[in-house]
Amino acid sequence: MKKIQYWTIILFCIALLLGGGMTVLKNGKTIAASVIYSIKDQYTSNPSGESLVSGFTEGMEEGVTDNFWLKELYVDLYGLTERLLGRDYIRDANPSNVVVKDQDENLHFITFPFDYEQPLNGLVEINEALKQERIPLLFVQTPLKVIEDYTTLPPSVVDYSKKNTDEFLSKLEENDIDFIDLRENVKKDGLDLSTLFFKTDHHWRTETAFWATDKVTQILNERYSLDLNQDGSYTDLKSYNKKTYKNFFLGSQGRRVGRLYAGVDNYTLITPKFNTDYEVTINKSDSSTTYAGTFEETILKHSLLDEEESVYTNRYASYFGGDYPEVIIKNKLQKEGKKVLIVKDSFALPFSAFLSTMFEETRMIDTRYFKEDLLNYIDDYQPDVVLYVYKSMKTIQ
């Protein structure tokens, strides 16, 4: 076994040196451009010798990483090497990108302690303003991938996701901010904990997001009398088509260690069987695009579902295609005039798609990219309810 490990490391090092040489030969101009851009960017904001060095280092790292010759193959070989060496902790220069493997070979990023004072203060301000407008705000806490009394991480790893979340929700309660903790609903419903999340990605599976839509809809009806989904059909999986793509998706964690380290995920696409008629406008920082047609024609990013594309393709973003400053979804078959605003991180992508079947208008705002004043935006839009849908308060800006 030791000889196998030894020769695996030797062969990987030779392959890495060969790949580095080929990368410079084939993509030298692109890498140089990356370095020059990074140096200019950093030196402009901070003219100093330190910024020159930092710009060169970051530009070189980004240029080589993005343009590495046969990159996917090398990542796969790297992951195979780590697997043969029996490592369940894969280091990275950025601690947030360290990948660890649990007892069931699920991959995880490590969550560190986080100062939630700034996002909390922002939420308190928004909530108080909405109370004056009589617009309810509901914070939706998604499940966590590190699950209490279930997930076992390597002995040296301490993950703070539960502690951070518990403390944050406690502060929401203290400040009279309404919330639903879907971790509790997972327990009540007795869900299979092994199927909540992708093995190689930090997001919940499409099926879990669909389940969450039903739980949140019930709360919206019970607490705020929105009278959504009166016959239950919009949250009944029998009203939807399910297509499962086998060995189709290498997630955010898997893309850092390759497909040979912990395998590849299946991906399930859920779309309505019932008739739909949508108009969806995606507003990026520098452009705006409007799509008209069915749910599938307006919400799905079909290029991300192309079976000819690499498993390294981000299949999770198949709903809407990714995170944008603003997305406006108009459901032309819902005539009751109900409107929802979803302030969100990436967990809300499939969730928002399913929830949109019950509202005449759904808007998504991602405050990491949205630069307008949120309170002014809400005042102009006048939604019936505002949802904050987040896995981590770290992404609330």
Side-chain angles (χ1 to χ4, degrees), residues 133 135-136 138 140 206 209-221 224-243 268-284 287-305 317-344 346-366 370 372 374 377-389:
E133 298 285 335
I135 299 174
L138 177 68
V140 179
T206 316
F210 186 89
W211 164 85
T213 306
D214 179 43
K215 299 294 117 177
V216 171
T217 301
Q218 291 177 31
I219 292 295
L220 294 178
N221 289 339
Y224 315 126
S225 303
L226 289 187
D227 295 326
L228 303 168
N229 193 34
Q230 293 181 14
D231 64 359
S233 61
Y234 290 114
T235 55
D236 184 350
L237 204 50
K238 294 177 183 177
S239 301
Y240 292 78
N241 296 305
K242 282 181 64 178
K243 180 177 180 180
T268 299
L269 184 71
I270 299 176
T271 55
K273 290 180 181 177
F274 48 86
N275 292 332
T276 54
D277 187 6
Y278 275 75
E279 180 182 285
V280 176
T281 299
I282 295 177
N283 290 319
K284 302 180 182 179
S287 65
S288 179
T289 307
T290 298
Y291 305 90
T294 64
F295 180 101
E296 292 89 337
E297 291 168 337
T298 58
I299 286 178
L300 298 184
K301 188 73 171 178
H302 292 278
S303 61
L304 298 179
L305 295 167
S318 296
Y319 294 90
F320 300 104
D323 297 304
Y324 307 107
E326 180 190 34
V327 178
I328 301 173
I329 309 159
K330 294 182 179 178
N331 184 344
K332 297 181 179 180
L333 299 185
Q334 286 288 355
K335 299 298 185 181
E336 295 184 11
K338 292 188 176 68
K339 301 191 295 185
V340 59
L341 175 65
I342 302 172
V343 185
K344 38 78 66 183
S346 55
F347 269 69
L349 292 178
F351 171 90
S352 300
F354 303 136
L355 193 69
S356 73
T357 61
M358 292 172 271
F359 284 87
E360 184 169 340
E361 186 168 349
T362 302
R363 295 193 185 187
M364 294 191 293
I365 294 292
D366 193 319
F370 186 75
E372 298 178 30
L374 186 57
Y377 183 91
I378 295 172
D379 190 50
D380 289 340
Y381 177 41
Q382 287 294 302
D384 294 281
V385 64
V386 175
L387 303 181
Y388 272 68
V389 181

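Numbers here simply count residues along the sequence, with the first being 1.
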Apply the test side-chain contact (heavy atoms from CB on, under 4.5 Å) to residues Glu133 and Gln382: give CA-CA distance (whole Å), side-chain angles for both, the deciding distance (0.1 Å), then the verdict. CA-CA 9 Å; Glu133 298 285 335; Gln382 287 294 302; 3.7 Å; yes
side-chain contact (heavy atoms from CB on, under 4.5 Å), that's the test. Do Leu387 and Leu220 meet it? Break it down for me. CA-CA 10 Å; Leu387 303 181; Leu220 294 178; 3.9 Å; yes
Evaluate the side-chain contact (heavy atoms from CB on, under 4.5 Å) criterion for residues Leu269 and Leu300: first the C-alpha distance (whole Å), next the side-chain angles of each, then the deciding distance (0.1 Å), finally the verdict. CA-CA 10 Å; Leu269 184 71; Leu300 298 184; 3.9 Å; yes
Quick one, Ile270 with Leu237, criterion side-chain contact (heavy atoms from CB on, under 4.5 Å). Give me CA distance, side-chain angles, the key distance, then yes/no. CA-CA 9 Å; Ile270 299 176; Leu237 204 50; 4.1 Å; yes
Passes ring pair (Phe, Tyr, Trp, His ring centres under 6.0 Å), Phe210 versus Phe351? Steps please. CA-CA 6 Å; Phe210 186 89; Phe351 171 90; over 10 Å; no
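Considering only heavy atoms from C-beta on, Asn331 stays 4.5 Å or farther from Glu360 through its side chain. No side-chain heavy atom of Ser356 sits under 4.5 Å from any side-chain heavy atom of Val280. Counting only heavy atoms from C-beta outward, the side chains of Ile282 and Tyr291 approach each other to under 4.5 Å. Phe354 places none of its side-chain heavy atoms less than 4.5 Å from the side chain of Thr217. Put simply, the side chain of Tyr319 reaches to within 4.5 Å of the side chain of Phe295, judged on heavy atoms. Between Arg363 and Lys339, every side-chain heavy-atom pair lies at or beyond the 4.5 Å cut-off. In this structure, the side chains of Asp366 and Lys344 come closer than 4.5 Å at one or more pairs of heavy atoms. Between Ile378 and Ile135 the shortest side-chain heavy-atom distance falls below 4.5 Å.
Note that CG of Leu305 is 3.5 Å distant from OG of Ser318, once rounded to the nearest 0.5 Å. Remark: Lys301 NZ to Leu349 CG distance equals 13.0 Å, nearest 0.5 Å. Summarising the geometry, atom NZ belonging to Lys330 is positioned 6.5 Å from atom OG1 belonging to Thr281; distances are rounded to the nearest 0.5 Å. We find the CZ-CG distance between Phe274 and Asn241 to be 10.0 Å, quoted to the nearest 0.5 Å. Residue Met358 holds its CE atom at 6.5 Å from CG of Leu228, rounded to the nearest 0.5 Å. The structure places OH of Tyr224 at 14.5 Å from CG of Asp227, a figure rounded to the nearest 0.5 Å.
In this structure, Asn275 places its CG atom where only 12 or fewer heavy-atom neighbours from other residues, nucleotides or ligands lie under 6.0 Å away.
Here the closest heavy-atom approach between residue Tyr278 and residue Ala353 is recorded as OH-O, 4.4 Å. Closest approach of Leu355 to Phe359, counting heavy atoms only: O-CD1, 3.6 Å. Closest heavy-atom contact between Pro350 and Ala209: CG-CB, 3.7 Å. In this structure, Leu341 and Pro383 approach most closely via the heavy-atom pair N-CB, 3.9 Å. Minimum interatomic distance between Glu336 and Lys338 (heavy atoms only, all atoms of both residues): OE1-NZ, 2.9 Å. Between Ile342 and Ser352, the shortest heavy-atom distance links the atoms CD1-OG, 3.3 Å.
The backbone N or O of Thr357 lies less than 3.5 Å from a partner atom in the side chain of Gln334, making a donor-acceptor pair. Counting only distance, with no hydrogens or angles, the side chain of Asp277 and the backbone of Leu333 share no donor-acceptor pair below 3.5 Å. Thr362 contributes no side-chain N or O that, together with a main-chain N or O of Ile329, makes up a donor-acceptor pair within less than 3.5 Å.
Between Thr276 and Thr294, the side chains place no donor N or O within less than 3.5 Å of an acceptor N or O (distance only, hydrogens not considered). Donor-acceptor pairing under 3.5 Å is recorded for the side chains of Thr235 and Asn229.
Asp214 meets the salt bridge (charged side-chain N to carboxylate O under 4.0 Å, His left out) test with no other residue; sequence neighbours excluded.
Note: Phe370 and Tyr324 fail the aromatic proximity criterion, with ring centroids not under 6.0 Å apart.
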